[in-house]
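See structure below.
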Amino acid sequence: MTVTIVGAQLGDEGKGGIVDVYGDAADVVVRYQGGDNAGHTVVHEGEEYKLSLVPSGAVRGKTGVLGNGCVVNPTTLFDELDTLRERGLDPDVRVAERAHVIMPYHRVLDGIEEDAKDDLAAGTTGRGIGPTYEDKAGRRGVRVGDLLDPDVLRDRLEYAVPHKRSLVENFGADPDADRFEGAFDVDELFEEYRALGERLADEEMTVDAGAFLQSHLDRDENVMFEGAQGTSIDIDHGIYPYVTSSNPTAGAAAVGSGVGPTVVGQGEVVGIVKGYLSRVGTGPLPTELGHVEGQTPPEGGDTSETGQALATYIRDEGGEYGTVTGRPRRVGWLDIPMLRHAARVNGFTGLAVNHVDVLAGLDEVKVGHSYTLDGEETTTMPATTEKWGRCEANLRTFDGWPEFDAEQVAQEGYDALPENARTYLEYVSDELDVPIYCVGVGPGREQTVVVEDVWT
Ligand code: IMP
(Lines give C-alpha, C1' and ligand atoms only; values in the text may rest on other atoms or scores of the structure.)
Protein backbone atom coordinates (compact mmCIF):
# COMPACT_ATOMS: atom_id res chain seq x y z
CA MET A 1 0.00 0.00 0.00
CA THR A 2 1.03 3.62 -0.33
CA VAL A 3 0.92 6.80 1.73
CA THR A 4 1.59 10.19 0.15
CA ILE A 5 2.83 13.11 2.22
CA VAL A 6 2.23 16.57 0.73
CA GLY A 7 2.94 20.08 1.97
CA ALA A 8 -0.35 22.00 2.18
CA GLN A 9 1.17 25.48 2.24
CA LEU A 10 4.36 27.09 0.99
CA GLY A 11 6.92 24.44 1.91
CA ASP A 12 8.71 23.99 5.23
CA GLU A 13 5.61 22.54 6.93
CA GLY A 14 7.67 19.89 8.72
CA LYS A 15 7.07 17.06 6.25
CA GLY A 16 10.33 15.32 7.20
CA GLY A 17 9.11 14.86 10.77
CA ILE A 18 5.85 13.29 9.63
CA VAL A 19 7.65 11.02 7.16
CA ASP A 20 9.73 10.03 10.13
CA VAL A 21 6.71 9.26 12.33
CA TYR A 22 4.77 7.34 9.69
CA GLY A 23 7.83 6.03 7.89
CA ASP A 24 8.51 3.25 10.39
CA ALA A 25 6.13 0.92 8.61
CA ALA A 26 7.33 1.97 5.14
CA ASP A 27 9.77 -0.18 3.22
CA VAL A 28 10.51 2.38 0.52
CA VAL A 29 10.38 6.19 0.66
CA VAL A 30 10.17 7.98 -2.68
CA ARG A 31 10.68 11.57 -3.70
CA TYR A 32 8.74 12.39 -6.86
CA GLN A 33 9.72 16.00 -7.65
CA GLY A 34 12.18 18.77 -6.88
CA GLY A 35 15.86 18.46 -6.14
CA ASP A 36 18.34 19.80 -3.64
CA ASN A 37 16.16 22.87 -3.04
CA ALA A 38 14.27 20.89 -0.39
CA GLY A 39 15.82 21.45 2.99
CA HIS A 40 14.57 18.93 5.54
CA THR A 41 15.72 18.20 9.04
CA VAL A 42 15.36 14.72 10.47
CA VAL A 43 15.98 13.92 14.11
CA HIS A 44 16.95 10.26 14.58
CA GLU A 45 18.13 8.77 17.89
CA GLY A 46 18.94 12.23 19.22
CA GLU A 47 21.02 13.16 16.17
CA GLU A 48 19.96 15.90 13.79
CA TYR A 49 20.43 15.38 10.05
CA LYS A 50 20.00 18.17 7.54
CA LEU A 51 19.30 16.89 4.05
CA SER A 52 18.34 18.55 0.82
CA LEU A 53 18.14 15.70 -1.69
CA VAL A 54 18.29 12.31 -0.02
CA PRO A 55 14.76 11.23 1.01
CA SER A 56 14.44 11.66 4.76
CA GLY A 57 13.34 8.03 5.23
CA ALA A 58 16.83 6.90 4.17
CA VAL A 59 18.16 8.10 7.54
CA ARG A 60 15.96 5.49 9.20
CA GLY A 61 17.18 2.56 7.15
CA LYS A 62 14.48 2.66 4.46
CA THR A 63 15.26 2.33 0.79
CA GLY A 64 15.09 5.85 -0.62
CA VAL A 65 14.21 6.50 -4.25
CA LEU A 66 14.60 9.70 -6.25
CA GLY A 67 11.88 9.32 -8.86
CA ASN A 68 11.89 10.36 -12.50
CA GLY A 69 10.12 13.61 -11.57
CA CYS A 70 13.15 14.75 -9.57
CA VAL A 71 16.06 16.82 -10.77
CA VAL A 72 19.26 15.41 -9.37
CA ASN A 73 22.54 17.10 -8.64
CA PRO A 74 24.83 14.05 -8.38
CA THR A 75 27.48 16.02 -6.48
CA THR A 76 24.99 16.96 -3.76
CA LEU A 77 23.72 13.41 -3.70
CA PHE A 78 27.18 11.92 -3.10
CA ASP A 79 28.08 14.65 -0.57
CA GLU A 80 24.97 13.84 1.46
CA LEU A 81 25.52 10.10 1.22
CA ASP A 82 29.19 10.45 2.22
CA THR A 83 28.22 12.60 5.21
CA LEU A 84 25.62 10.08 6.35
CA ARG A 85 28.17 7.28 6.01
CA GLU A 86 30.76 9.23 7.99
CA ARG A 87 28.14 9.50 10.73
CA GLY A 88 27.74 5.74 10.84
CA LEU A 89 24.63 5.26 8.69
CA ASP A 90 24.32 2.99 5.68
CA PRO A 91 21.79 4.72 3.41
CA ASP A 92 20.32 2.82 0.47
CA VAL A 93 19.34 5.37 -2.18
CA ARG A 94 18.28 4.62 -5.77
CA VAL A 95 17.94 7.15 -8.55
CA ALA A 96 15.57 6.96 -11.51
CA GLU A 97 17.35 6.68 -14.84
CA ARG A 98 14.67 8.98 -16.20
CA ALA A 99 15.36 11.74 -13.66
CA HIS A 100 17.05 14.84 -15.07
CA VAL A 101 20.51 15.95 -14.00
CA ILE A 102 21.20 19.42 -12.65
CA MET A 103 24.34 20.51 -14.51
CA PRO A 104 26.70 23.30 -13.38
CA TYR A 105 25.35 25.56 -16.14
CA HIS A 106 21.85 25.23 -14.68
CA ARG A 107 23.04 26.64 -11.37
CA VAL A 108 24.84 29.51 -13.07
CA LEU A 109 21.79 30.33 -15.16
CA ASP A 110 19.50 30.20 -12.12
CA GLY A 111 21.53 33.02 -10.56
CA ILE A 112 21.85 35.09 -13.72
CA GLU A 113 18.15 34.86 -14.56
CA GLU A 114 17.05 35.69 -11.03
CA ASP A 115 19.24 38.79 -11.02
CA ALA A 116 17.80 39.89 -14.34
CA LYS A 117 14.18 39.33 -13.30
CA ASP A 118 13.96 42.02 -10.68
CA ASP A 119 10.33 42.15 -9.42
CA LEU A 120 9.45 38.78 -10.92
CA ALA A 121 12.32 36.96 -9.23
CA ALA A 122 10.99 34.01 -7.22
CA GLY A 123 13.84 34.23 -4.70
CA THR A 124 15.02 30.79 -5.78
CA THR A 125 17.38 28.61 -3.79
CA GLY A 126 19.93 29.01 -6.61
CA ARG A 127 20.23 25.24 -7.06
CA GLY A 128 19.47 25.29 -10.78
CA ILE A 129 16.01 23.77 -10.36
CA GLY A 130 14.10 25.97 -12.83
CA PRO A 131 16.70 25.85 -15.63
CA THR A 132 16.90 22.04 -15.34
CA TYR A 133 13.14 21.61 -15.65
CA GLU A 134 13.23 24.08 -18.56
CA ASP A 135 15.67 21.83 -20.38
CA LYS A 136 13.55 18.80 -19.55
CA ALA A 137 10.51 20.43 -21.16
CA GLY A 138 12.68 21.76 -24.00
CA ARG A 139 13.93 18.21 -24.69
CA ARG A 140 17.55 19.15 -24.27
CA GLY A 141 18.09 17.76 -20.78
CA VAL A 142 20.68 15.27 -19.57
CA ARG A 143 19.11 12.34 -17.74
CA VAL A 144 20.65 10.16 -15.08
CA GLY A 145 20.66 7.23 -17.50
CA ASP A 146 22.72 9.32 -19.95
CA LEU A 147 25.54 9.63 -17.42
CA LEU A 148 26.08 5.89 -17.72
CA ASP A 149 26.54 5.97 -21.47
CA PRO A 150 29.50 8.14 -22.53
CA ASP A 151 28.43 8.41 -26.19
CA VAL A 152 24.96 9.59 -25.29
CA LEU A 153 26.32 11.95 -22.63
CA ARG A 154 28.66 13.61 -25.13
CA ASP A 155 25.86 13.96 -27.69
CA ARG A 156 23.55 15.54 -25.13
CA LEU A 157 26.22 17.99 -23.98
CA GLU A 158 27.20 18.94 -27.50
CA TYR A 159 23.61 19.86 -28.19
CA ALA A 160 22.80 21.59 -24.89
CA VAL A 161 25.97 23.51 -24.04
CA PRO A 162 26.06 25.87 -27.09
CA HIS A 163 22.46 26.74 -26.29
CA LYS A 164 23.48 27.64 -22.72
CA ARG A 165 26.52 29.58 -23.89
CA SER A 166 24.39 31.79 -26.11
CA LEU A 167 21.98 32.38 -23.24
CA VAL A 168 24.79 33.57 -21.00
CA GLU A 169 26.14 35.76 -23.76
CA ASN A 170 22.66 37.27 -24.15
CA PHE A 171 22.86 38.28 -20.53
CA GLY A 172 26.14 40.05 -21.37
CA ALA A 173 28.44 37.55 -19.64
CA ASP A 174 31.37 35.51 -20.95
CA PRO A 175 30.68 31.76 -20.57
CA ASP A 176 34.43 31.10 -20.40
CA ALA A 177 34.95 33.51 -17.47
CA ASP A 178 36.90 31.99 -14.58
CA ARG A 179 34.02 32.55 -12.17
CA PHE A 180 31.91 29.97 -14.07
CA GLU A 181 34.55 27.29 -13.42
CA GLY A 182 34.11 25.41 -16.67
CA ALA A 183 30.32 25.24 -16.41
CA PHE A 184 30.02 25.83 -20.16
CA ASP A 185 32.91 23.67 -21.33
CA VAL A 186 31.77 20.44 -23.02
CA ASP A 187 35.04 18.57 -22.39
CA GLU A 188 35.24 19.44 -18.70
CA LEU A 189 31.58 18.63 -18.16
CA PHE A 190 31.91 15.36 -20.02
CA GLU A 191 34.82 14.16 -17.88
CA GLU A 192 33.23 15.20 -14.58
CA TYR A 193 29.79 13.80 -15.30
CA ARG A 194 31.05 10.59 -16.87
CA ALA A 195 32.93 9.95 -13.61
CA LEU A 196 29.78 10.65 -11.59
CA GLY A 197 27.94 8.21 -13.84
CA GLU A 198 30.59 5.57 -13.17
CA ARG A 199 30.12 6.02 -9.45
CA LEU A 200 26.34 5.71 -9.78
CA ALA A 201 26.87 2.49 -11.74
CA ASP A 202 29.51 1.11 -9.34
CA GLU A 203 27.19 1.66 -6.41
CA GLU A 204 24.28 0.13 -8.38
CA MET A 205 22.14 3.15 -7.63
CA THR A 206 20.23 3.66 -10.88
CA VAL A 207 16.81 2.09 -11.43
CA ASP A 208 13.76 2.20 -13.62
CA ALA A 209 11.79 3.78 -10.78
CA GLY A 210 8.30 2.66 -11.76
CA ALA A 211 9.35 -0.96 -12.28
CA PHE A 212 11.42 -0.89 -9.08
CA LEU A 213 8.47 0.40 -7.03
CA GLN A 214 6.03 -2.01 -8.62
CA SER A 215 8.25 -4.93 -7.66
CA HIS A 216 8.10 -3.75 -4.03
CA LEU A 217 4.34 -3.24 -4.17
CA ASP A 218 3.94 -6.73 -5.66
CA ARG A 219 5.60 -8.08 -2.53
CA ASP A 220 2.97 -6.25 -0.45
CA GLU A 221 5.51 -3.77 0.83
CA ASN A 222 4.64 -0.25 1.95
CA VAL A 223 5.69 2.68 -0.20
CA MET A 224 5.67 6.24 1.06
CA PHE A 225 5.73 9.17 -1.36
CA GLU A 226 7.46 12.14 0.17
CA GLY A 227 6.50 15.43 -1.46
CA ALA A 228 8.95 18.31 -1.22
CA GLN A 229 8.02 22.03 -1.12
CA GLY A 230 4.28 22.72 -0.88
CA THR A 231 1.01 23.13 -2.78
CA SER A 232 1.13 26.91 -2.99
CA ILE A 233 4.51 26.83 -4.69
CA ASP A 234 3.40 24.13 -7.16
CA ILE A 235 4.06 25.34 -10.70
CA ASP A 236 0.43 24.72 -11.71
CA HIS A 237 -1.52 25.27 -8.52
CA GLY A 238 0.67 27.75 -6.69
CA ILE A 239 1.28 31.46 -6.71
CA TYR A 240 2.85 31.62 -10.17
CA PRO A 241 5.48 32.96 -10.93
CA TYR A 242 6.69 32.82 -7.29
CA VAL A 243 6.76 29.03 -7.43
CA THR A 244 9.16 26.17 -7.81
CA SER A 245 9.32 24.50 -11.22
CA SER A 246 7.73 21.17 -10.29
CA ASN A 247 4.46 19.76 -8.94
CA PRO A 248 4.61 19.03 -5.21
CA THR A 249 0.87 18.16 -5.32
CA ALA A 250 -0.31 14.58 -4.89
CA GLY A 251 -1.06 13.92 -8.57
CA ALA A 252 2.64 14.17 -9.29
CA ALA A 253 3.39 11.26 -6.97
CA ALA A 254 2.22 9.00 -9.80
CA VAL A 255 3.75 10.90 -12.73
CA GLY A 256 7.01 11.54 -10.91
CA SER A 257 7.59 7.97 -9.80
CA GLY A 258 6.17 5.76 -12.53
CA VAL A 259 3.22 4.13 -10.77
CA GLY A 260 -0.38 4.74 -11.80
CA PRO A 261 -2.69 7.33 -10.24
CA THR A 262 -4.88 4.49 -9.02
CA VAL A 263 -1.97 3.16 -6.96
CA VAL A 264 -1.49 6.52 -5.27
CA GLY A 265 -5.25 7.06 -4.99
CA GLN A 266 -5.85 3.80 -3.14
CA GLY A 267 -3.63 4.97 -0.31
CA GLU A 268 -3.84 7.83 2.17
CA VAL A 269 -2.87 11.35 1.10
CA VAL A 270 -1.80 13.29 4.17
CA GLY A 271 -1.63 17.07 4.01
CA ILE A 272 1.05 18.59 6.19
CA VAL A 273 0.01 21.90 7.69
CA LYS A 274 2.07 24.16 9.85
CA GLY A 275 -0.06 25.81 12.57
CA TYR A 276 0.90 29.19 11.11
CA LEU A 277 2.43 30.22 7.80
CA SER A 278 6.01 30.61 6.71
CA ARG A 279 7.51 31.52 3.39
CA VAL A 280 10.92 31.84 1.84
CA GLY A 281 10.88 34.11 -1.18
CA THR A 282 8.96 36.98 -2.65
CA GLY A 283 5.30 37.54 -3.62
CA PRO A 284 2.11 38.36 -1.73
CA LEU A 285 1.14 36.78 1.61
CA PRO A 286 -2.20 38.13 2.89
CA THR A 287 -1.78 36.98 6.51
CA GLU A 288 1.86 38.07 6.83
CA LEU A 289 3.12 39.40 10.16
CA GLY A 290 6.06 41.79 10.18
CA HIS A 291 8.27 42.40 7.16
CA VAL A 292 11.39 40.69 5.81
CA GLU A 293 13.64 43.01 3.83
CA GLY A 294 14.00 41.98 0.20
CA GLN A 295 11.15 39.46 0.39
CA THR A 296 7.96 41.13 1.67
CA PRO A 297 6.46 43.32 -1.07
CA PRO A 298 6.53 47.08 -0.28
CA GLU A 299 2.86 47.24 0.78
CA GLY A 300 2.78 43.80 2.42
CA GLY A 301 2.96 42.48 5.96
CA ASP A 302 1.77 43.89 9.26
CA THR A 303 4.46 46.36 10.17
CA SER A 304 2.77 47.58 13.37
CA GLU A 305 4.76 47.08 16.56
CA THR A 306 2.52 44.15 17.51
CA GLY A 307 2.84 42.61 14.05
CA GLN A 308 6.64 42.84 14.14
CA ALA A 309 6.79 41.48 17.69
CA LEU A 310 4.54 38.52 16.81
CA ALA A 311 6.62 37.79 13.70
CA THR A 312 9.84 37.77 15.69
CA TYR A 313 8.31 35.57 18.37
CA ILE A 314 7.01 33.00 15.88
CA ARG A 315 10.20 33.09 13.79
CA ASP A 316 12.42 32.50 16.79
CA GLU A 317 10.20 29.93 18.54
CA GLY A 318 9.70 28.06 15.28
CA GLY A 319 13.31 28.36 14.09
CA GLU A 320 12.02 29.91 10.89
CA TYR A 321 15.28 30.27 9.06
CA GLY A 322 15.86 28.39 5.76
CA THR A 323 17.54 24.99 6.15
CA VAL A 324 19.35 25.35 2.84
CA THR A 325 19.99 29.09 2.72
CA GLY A 326 19.75 30.26 6.37
CA ARG A 327 17.50 33.13 5.22
CA PRO A 328 14.88 34.38 7.70
CA ARG A 329 11.49 33.13 6.58
CA ARG A 330 8.46 35.37 6.30
CA VAL A 331 5.77 34.34 8.79
CA GLY A 332 2.02 34.86 9.10
CA TRP A 333 -1.18 33.50 10.56
CA LEU A 334 -2.66 30.31 9.20
CA ASP A 335 -4.35 30.98 5.86
CA ILE A 336 -7.53 28.88 5.60
CA PRO A 337 -8.42 29.78 1.96
CA MET A 338 -4.96 28.47 1.02
CA LEU A 339 -5.70 25.24 2.88
CA ARG A 340 -9.15 24.82 1.29
CA HIS A 341 -7.43 25.09 -2.10
CA ALA A 342 -4.79 22.54 -1.05
CA ALA A 343 -7.37 20.08 0.30
CA ARG A 344 -9.19 20.08 -3.04
CA VAL A 345 -6.12 19.93 -5.30
CA ASN A 346 -4.55 17.08 -3.36
CA GLY A 347 -7.63 15.20 -2.15
CA PHE A 348 -6.30 14.96 1.37
CA THR A 349 -7.59 12.03 3.39
CA GLY A 350 -5.97 13.28 6.60
CA LEU A 351 -4.09 16.22 8.08
CA ALA A 352 -0.94 16.47 10.13
CA VAL A 353 -0.80 19.83 11.89
CA ASN A 354 2.71 20.77 12.99
CA HIS A 355 4.33 23.37 15.24
CA VAL A 356 1.30 23.71 17.49
CA ASP A 357 3.81 24.17 20.33
CA VAL A 358 5.28 27.27 18.64
CA LEU A 359 2.00 29.14 19.13
CA ALA A 360 1.72 28.13 22.81
CA GLY A 361 2.09 31.06 25.16
CA LEU A 362 0.38 33.62 22.90
CA ASP A 363 -2.71 35.35 24.37
CA GLU A 364 -4.55 35.06 21.10
CA VAL A 365 -4.02 33.04 17.96
CA LYS A 366 -5.53 34.30 14.72
CA VAL A 367 -6.30 32.70 11.38
CA GLY A 368 -7.18 34.16 8.00
CA HIS A 369 -10.66 32.63 7.70
CA SER A 370 -11.55 34.15 4.31
CA TYR A 371 -10.43 36.98 2.04
CA THR A 372 -12.04 40.14 0.83
CA LEU A 373 -11.22 40.55 -2.85
CA ASP A 374 -12.47 43.67 -4.63
CA GLY A 375 -15.20 44.10 -2.00
CA GLU A 376 -16.44 40.48 -2.09
CA GLU A 377 -15.80 37.74 0.43
CA THR A 378 -14.08 34.66 -0.98
CA THR A 379 -13.19 31.43 0.81
CA THR A 380 -10.52 30.00 -1.47
CA MET A 381 -7.40 31.23 -3.27
CA PRO A 382 -8.00 33.10 -6.52
CA ALA A 383 -6.33 31.62 -9.60
CA THR A 384 -4.01 34.53 -10.28
CA THR A 385 -1.33 35.79 -7.97
CA GLU A 386 -2.21 39.39 -8.83
CA LYS A 387 -5.70 38.81 -7.42
CA TRP A 388 -4.21 37.03 -4.42
CA GLY A 389 -2.08 40.11 -3.82
CA ARG A 390 -5.28 42.19 -3.63
CA CYS A 391 -6.87 39.87 -1.07
CA GLU A 392 -7.27 41.14 2.44
CA ALA A 393 -7.46 38.46 5.09
CA ASN A 394 -10.55 38.39 7.31
CA LEU A 395 -9.09 37.22 10.59
CA ARG A 396 -10.74 35.06 13.23
CA THR A 397 -9.39 35.11 16.74
CA PHE A 398 -8.96 32.10 19.01
CA ASP A 399 -7.99 32.11 22.67
CA GLY A 400 -4.35 31.11 23.07
CA TRP A 401 -3.13 28.07 24.97
CA PRO A 402 -0.41 27.71 27.58
CA GLU A 403 2.96 26.00 27.13
CA PHE A 404 2.73 22.26 27.78
CA ASP A 405 4.96 19.22 28.18
CA ALA A 406 5.17 17.96 24.60
CA GLU A 407 6.38 14.44 25.30
CA GLN A 408 3.80 13.86 27.99
CA VAL A 409 1.01 15.09 25.72
CA ALA A 410 2.30 12.93 22.87
CA GLN A 411 2.26 9.89 25.15
CA GLU A 412 -1.17 10.57 26.61
CA GLY A 413 -2.76 11.39 23.27
CA TYR A 414 -4.90 14.00 21.58
CA ASP A 415 -7.19 14.74 24.57
CA ALA A 416 -4.16 15.78 26.61
CA LEU A 417 -3.63 18.81 24.36
CA PRO A 418 -4.77 22.10 25.92
CA GLU A 419 -8.47 22.65 25.25
CA ASN A 420 -7.93 25.84 23.25
CA ALA A 421 -5.42 24.09 21.00
CA ARG A 422 -7.99 21.39 20.31
CA THR A 423 -10.59 24.04 19.48
CA TYR A 424 -8.15 25.52 16.98
CA LEU A 425 -7.37 22.14 15.41
CA GLU A 426 -11.02 21.15 15.19
CA TYR A 427 -11.84 24.42 13.47
CA VAL A 428 -9.20 23.64 10.80
CA SER A 429 -10.44 20.07 10.38
CA ASP A 430 -14.08 21.22 10.07
CA GLU A 431 -13.28 23.94 7.55
CA LEU A 432 -11.38 21.51 5.32
CA ASP A 433 -13.63 18.57 6.03
CA VAL A 434 -10.55 16.42 6.60
CA PRO A 435 -9.76 14.57 9.84
CA ILE A 436 -6.69 15.30 11.94
CA TYR A 437 -4.29 12.35 11.72
CA CYS A 438 -1.53 13.74 13.89
CA VAL A 439 -0.34 16.85 15.68
CA GLY A 440 3.27 17.95 15.90
CA VAL A 441 4.15 19.55 19.23
CA GLY A 442 7.95 19.50 18.93
CA PRO A 443 10.72 18.59 16.51
CA GLY A 444 11.20 14.91 17.40
CA ARG A 445 8.91 12.00 16.69
CA GLU A 446 8.36 11.50 20.42
CA GLN A 447 6.73 14.92 20.29
CA THR A 448 4.04 13.97 17.81
CA VAL A 449 0.49 13.14 18.88
CA VAL A 450 -0.59 10.32 16.59
CA VAL A 451 -4.36 10.04 16.21
CA GLU A 452 -4.52 7.75 13.20
CA ASP A 453 -2.21 5.02 11.89
CA VAL A 454 -2.04 5.63 8.14
CA TRP A 455 -1.06 2.07 7.25
CA THR A 456 -4.08 0.19 8.61
P1 IMP B 1 13.58 27.01 -6.61
O2 IMP B 1 12.81 25.79 -6.26
O3 IMP B 1 14.97 27.04 -6.07
O4 IMP B 1 13.54 27.29 -8.10
O5 IMP B 1 12.85 28.28 -5.93
C6 IMP B 1 11.57 28.72 -6.36
C7 IMP B 1 10.73 29.16 -5.16
O8 IMP B 1 10.41 28.04 -4.37
C9 IMP B 1 11.44 30.15 -4.24
O10 IMP B 1 10.48 31.06 -3.74
C11 IMP B 1 11.98 29.26 -3.13
O12 IMP B 1 12.15 29.96 -1.93
C13 IMP B 1 10.85 28.25 -3.03
N14 IMP B 1 11.30 26.96 -2.49
C15 IMP B 1 12.03 26.02 -3.12
N16 IMP B 1 12.25 24.97 -2.32
C17 IMP B 1 11.65 25.24 -1.15
C18 IMP B 1 11.49 24.50 0.07
O19 IMP B 1 11.95 23.36 0.23
N20 IMP B 1 10.77 25.13 1.03
C21 IMP B 1 10.22 26.36 0.88
N22 IMP B 1 10.34 27.06 -0.24
C23 IMP B 1 11.04 26.52 -1.25
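Indexing begins at 1, ligand by ligand and atom by atom, following the structure's order.
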Just jot down the ligand 1 atoms closer than 4.0 angstrom to any heavy atom of Arg279, in number order.
10 (O)
Give a yes-or-no answer on whether the side chains of Tyr437 and Glu268 include a donor-acceptor pair shorter than 3.5 Å.
yes
Would you mind checking which non-hydrogen protein atom is closest to atom 12 (O) of ligand 1, with the distance to 0.1 Å?
Val280 O, 3.0 Å
Check whether the side chains of Ser52 and Glu80 place a donor and an acceptor atom closer than 3.5 Å, and report yes or no.
yes
Got the closest protein heavy atom to atom 11 (C) of ligand 1, with its distance?
Gly123 O, 3.6 Å
Which ligand 1 atoms does Ala38 reach within 4.0 Å, using its non-hydrogen atoms?
19 (O)
May I ask you to identify the nearest protein heavy atom to atom 19 (O) of ligand 1, giving residue, atom name and distance to one decimal place in Å?
Asn37 O, 3.2 Å
What is the nearest protein non-hydrogen atom to atom 14 (N) of ligand 1, stated with its residue, atom name and distance?
Ile233 CD1, 3.7 Å
Under a 3.5 Å threshold, yes or no: a donor from one side chain and an acceptor from the other, between Asn247 and Tyr32?
no
To the nearest 0.1 Å, how far is atom 2 (O) of ligand 1 from its closest protein heavy atom, and which atom is that?
Thr244 OG1, 2.6 Å
Looking only at heavy atoms, is any part of Arg127 under 4.0 Å from ligand 1, and if so is it the side chain, the backbone, or both, or is it neither?
neither
Residue, atom and distance of the protein heavy atom nearest atom 5 (O) of ligand 1 read Thr124 CA, 3.3 Å
Distance only, no hydrogens: is a donor on one side chain within 3.5 Å (strictly under) of an acceptor on the other, for Gln9 and Asp335?
no
Enumerate the atoms of ligand 1 whose separation from the nearest heavy atom of Leu10 is less than 4.0 angstrom.
21 (C), 22 (N)
Look only at interatomic distance and state if Asp110 has a nitrogen or oxygen under 3.5 Å from any nitrogen or oxygen of ligand 1.
no
Would you mind checking if Asp12 and Lys274 are paired as a salt bridge, meaning a charged N to carboxylate O distance below 4.0 Å?
no
Would you say the side chains of Tyr276 and Glu317 form a donor-acceptor pair under 3.5 Å?
no
At what distance is the nearest protein heavy atom to atom 10 (O) of ligand 1, and which residue and atom is it?
Ala122 O, 2.7 Å
Arg107 and Asp36 ion-paired at < 4.0 Å:
yes
Do any nitrogen or oxygen atoms of Gly130 lie less than 3.5 angstrom from nitrogen or oxygen atoms of ligand 1?
no
With a cut-off of 4.0 Å, which atoms of ligand 1 are near a heavy atom of Gln229?
15 (C), 16 (N), 17 (C), 18 (C), 19 (O)
Between Asp316 and Tyr321, a side-chain donor and acceptor under 3.5 Å
yes
What part of Thr282 sits under 4.0 Å from ligand 1 if we count only heavy atoms: the side chain, the backbone, both or neither?
neither
On the ring face of Tyr49, is Arg87 found with NZ or CZ under 6.0 Å from the centre and within 45° of the axis?
yes
In terms of residue, atom name and distance, what is the protein heavy atom nearest to atom 3 (O) of ligand 1?
Thr125 OG1, 2.6 Å
Any donor-acceptor pair under 3.5 Å linking the side-chain atoms of His216 with those of Asp27?
no
Does the side chain of Asp234 come under 3.5 Å of the side chain of Thr249 through a donor N or O and an acceptor N or O?
yes
Could you tell me which atoms of ligand 1, counted from 1 in the order shown, lie closer than 4.0 angstrom to a heavy atom of Val243?
6 (C), 7 (C)
